[in-house]
Enquirer: 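My questions all concern the structure below.
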Amino acid sequence: MLEKHARTIDREWGTAGLFGGLLRFAKEGHDREWFATHLSMEARASELRIWEALWIPGLLQTETYIRAAVEAARLPGIEDRVAVRLNRQECLTRTPPPILRVMLDEGVIKQPVGSPEVMREQLAQLLELGRQPHISIRIVPTSVGAHVGRDGSFKILTVDGIDSAYIEASKEGRLVQDATDVRSFRLKFDNISDHALPVGASAEVIAQAMEAHR
């Protein structure tokens, strides 16, 4: 919708694409408040759809996995960061809980983070969480090869019936709220889902990975 208005203004005012360019700049620019806004939305979301290509999603991480990940990143304030991430997980136990649909690249469960004990504990937690009726965890096997999800991790958050997307990044991500752009992420999530194993088969792959971390 915004793109259409920008094109109309550029056409009527003869501004040679100026407003379209400004709109693209505004969308692609960085805002430090995006992460905080994303956390607020995450806590209130009725549904969360997560695609993760690199890590166990923060909402599903064990304390030892979180600590190992933060230590590996050489970030300051380790204990504070661990506490913040654990507090985020409280949204999963509220009443009613959010519907959580997670898809993981198979490499996520095979890549060691911390010790073998850390990984076994983490994967056991995935299996336990996946048994809850409002949570589904599916694996996209490496045998799929190249697919649209290789572009990067993201999540779609539904708050008050409205979808937003959050794109993961190495430090701070990007919040996407334009309806057209969010729709592209919904389509991307569906496309990735076409390649994912069913829930039962995914649980078997996770259990096998847990045994491999010895």
Enquirer: Taking the side chain as every heavy atom from C-beta outward, state whether Ile167 and Val176 have any pair of such atoms under 4.5 Å apart.
Expert: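 In contact.
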Enquirer: If you measure from CD1 on Ile66 to CD on Glu71, what distance do you get to the nearest 0.5 Å?
Expert: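 Between Ile66 CD1 and Glu71 CD, I get 12.0 Å after rounding to 0.5 Å.
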Enquirer: Looking at Arg150 and Asp105, is any side-chain nitrogen of the basic one under 4.0 Å from a carboxylate oxygen of the acidic one?
Expert: yes
Enquirer: Taking all heavy atoms of Leu59 and all of Cys91, pick out the closest pair and write down the distance.
Expert: CD2-SG, 4.0 Å
Enquirer: Taking the side chain as C-beta and beyond, is there a heavy-atom pair between Ile99 and Leu48 under 4.5 Å?
Expert: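 Result no, sub-4.5 Å side-chain heavy-atom pair not found.
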Enquirer: Could you grab the distance from atom CD1 of Ile206 to atom CZ of Arg138, nearest 0.5 Å is fine?
Expert: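 CZ of Arg138 is found 12.0 Å from CD1 of Ile206.
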Enquirer: When rounded to the nearest 0.5 angstrom, what distance separates CG in Leu127 from CE in Met210?
Expert: 5.5 Å
Enquirer: If you measure from the Lys or Arg side-chain nitrogens to the Asp or Glu carboxylate oxygens, is any gap between Glu128 and Arg131 under 4.0 Å?
Expert: yes
Enquirer: Whether the His38 and Lys155 side chains hold a donor-acceptor pair (N or O, under 3.5 Å, no angle test) is what I'd like checked.
Expert: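 Checked: His38/Lys155 side chains pair up, N/O donor to acceptor below 3.5 Å.
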Enquirer: Between Ser202 and Pro198 (side chain of the first, backbone of the second, donor and acceptor by atom type, cut-off under 3.5 Å), is there such a pair?
Expert: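 A pair under 3.5 Å: yes.
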Enquirer: Just verifying a value: how many Å separate Leu157 CG and Ile162 CD1, rounded to the nearest 0.5 Å?
Expert: 12.5 Å
Enquirer: Using only atom types and a distance under 3.5 Å, with no angle test, would you say the side chain of Glu47 pairs donor to acceptor with the backbone of Arg101?
Expert: no
Enquirer: Below 30° counts as parallel, above 60° as perpendicular, anything between as tilted: where do the rings of His147 and His195 land?
Expert: tilted
Enquirer: Hey, could you give me the OG/CG distance between Ser143 and Leu197, rounded to the nearest 0.5 Å?
Expert: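 Rounded to the nearest 0.5 Å, the OG-CG separation comes out at 7.5 Å.
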Enquirer: With a 4.5 Å limit on heavy-atom distance, are the side chains of Ile56 and Val113 in contact?
Expert: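 Ile56 does not reach Val113 side chain to side chain.
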Enquirer: For the residue pair Thr64 / Glu121, report whether a side-chain donor-acceptor contact shorter than 3.5 Å exists.
Expert: yes
Enquirer: Shortest non-hydrogen contact from Glu52 to Ser153?
Expert: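 The pair with the smallest heavy-atom distance is OE2-OG, 2.7 Å.
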Enquirer: Are the side chains of Gln177 and Met41 in contact, using a 4.5 Å heavy-atom criterion?
Expert: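 Yes, side chains in contact.
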Enquirer: Looking at Leu104 and Pro57, what are the two nearest heavy atoms and their distance?
Expert: CD2-CD, 3.5 Å
Enquirer: Any chain of hydrophobic side-chain contacts (each under 4.5 Å) joining Val84 to Leu75?
Expert: no
Enquirer: With a 6.0 Å cut-off (strictly less than), is the heavy-atom count around CZ of Arg186, excluding the residue itself, greater than 12?
Expert: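 Yes, enclosed.
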Enquirer: Please evaluate residues Met103 and Phe189 with respect to the criterion side-chain contact (heavy atoms from CB on, under 4.5 Å), reporting the C-alpha separation (whole Å), side-chain torsions for both, the decisive distance (0.1 Å), and the verdict.
Expert: CA-CA 9 Å; Met103 290 189 293; Phe189 191 86; 3.6 Å; yes
Enquirer: Nearest 0.5 Å, what's the OG1-CD distance between Thr62 and Gln125?
Expert: 6.0 Å
Enquirer: My understanding is that only one of Glu79, Arg81, Gln61, Arg85 makes a side-chain contact (heavy atoms from CB on, under 4.5 Å) with Arg67; could you say which?
Expert: Glu79
Enquirer: Could you pull out the closest heavy-atom pair between Leu60 and Leu100, with the gap in Å?
Expert: CD2-CD2, 3.7 Å
Enquirer: How close do Lys188 and Phe154 get, counting heavy atoms only, and between which atoms?
Expert: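 Closest approach of Lys188 to Phe154: CD-CE2, 3.4 Å.
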Enquirer: Any link between Val205 and Leu54 through a network of hydrophobic side chains (Ile, Leu, Val, Met, Phe, Trp, Tyr) touching at under 4.5 Å?
Expert: yes
Enquirer: Under a 4.5 Å cut-off applied to non-hydrogen side-chain atoms, are Ile156 and Ser164 in contact?
Expert: no
Enquirer: Are the charged groups of Glu90 and Arg94 less than 4.0 angstrom apart, N to O?
Expert: no
Enquirer: Quick one: do Val70 and Met119 end up in the same hydrophobic cluster if we chain Ile, Leu, Val, Met, Phe, Trp and Tyr together by side-chain heavy atoms under 4.5 Å apart?
Expert: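 In one cluster with Val70: Met119, no.
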Enquirer: Cluster question for you: counting only ILVMFWY and a side-chain heavy-atom cut-off of under 4.5 Å, with indirect links fine, are Val199 and Ile109 together?
Expert: no
Enquirer: To check you understand the geometry: which heavy-atom pair defines the closest contact between Ile192 and Gly149, and what is its length?
Expert: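 It is CD1-CA, 3.6 Å.
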Enquirer: Decide if atom CG of Asp194 counts as having more than 12 heavy atoms of other residues, nucleotides or ligands within a radius under 6.0 Å.
Expert: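 Yes, because the 6.0 Å sphere around CG of Asp194 holds more than 12 heavy atoms from other groups.
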Enquirer: Indicate yes or no for a side-chain donor-acceptor contact from Asn191 to the backbone of Leu187 under 3.5 Å, with no hydrogens or angles considered.
Expert: no
Enquirer: Do Phe185 and Asp163 have side-chain heavy atoms sitting under 4.5 Å apart?
Expert: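 No, their side chains stay 4.5 Å or more apart.
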Enquirer: Please say which of Arg214, Gln208, His213 ends up in a side chain to side chain donor-acceptor pair (under 3.5 Å) with Glu211.
Expert: Arg214
Enquirer: Less than 4.5 Å apart, any side-chain heavy atom of Phe35 and any of Tyr166?
Expert: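 Yes, side chains in contact.
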Enquirer: State, with a plain yes or no, whether a side-chain heavy atom of Glu63 is found less than 4.5 Å away from one of Val82.
Expert: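 Result yes, sub-4.5 Å side-chain heavy-atom pair found.
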